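Okay, structure first, notes after.
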Amino acid sequence: FPVTIRSPAEPVAVDTDNKIDVDGIQFKVMAANGGVIVQTRTFNTKTDRNVYNTHIIPDGEDIAERVGQIVSLELLRH
């Protein structure tokens, strides 16, 4: 029996920028002496400005739990 080997199909579209063109919440997480700093940025379409909020997570606190709380808080704000 003859066997035909085909190469995988080429992708239809490729995202080379790795950016999503949607306004959402952007996060920066930075290690600091004594804890972690989490900065959020959102875009306010009414004022046409970026809005920044900074949260500090002290050493000894559960970072994952606190980041989850920050996400919930930011989603409620917007």
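We count residues from 1, following the sequence as given. Since we're looking at a predicted model, the values are computed, not measured.
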Can you confirm whether [X] sits close enough to [Y] that some side-chain heavy atom of one is under 4.5 Å from a side-chain heavy atom of the other?
X	Y	result
R77	V51	no
D48	F43	yes
I25	V71	no
T40	T42	no

Point-to-point distance, once rounded to the nearest 0.5 Å, from [atom1] of [X] to [atom2] of [Y]:
X	Y	atom1	atom2	result
I57	R66	CD1	CZ	5.5 Å
M30	I56	CE	CD1	10.0 Å
E74	H55	CD	NE2	4.0 Å

Inset, instruction - Count the heavy atoms belonging to other residues, nucleotides or ligands that lie under 6.0 Å from CG of L73, then report whether that count exceeds 12. - result: yes

Inset, instruction - Answer with yes or no whether the hydrophobic clustering places F27 together with Y52; edges join I, L, V, M, F, W, Y residues whose side-chain heavy atoms lie under 4.5 Å apart. - result: no

Legend entry - I37 to A32 - nearest heavy-atom pair and separation: CD1-CB, 3.9 Å

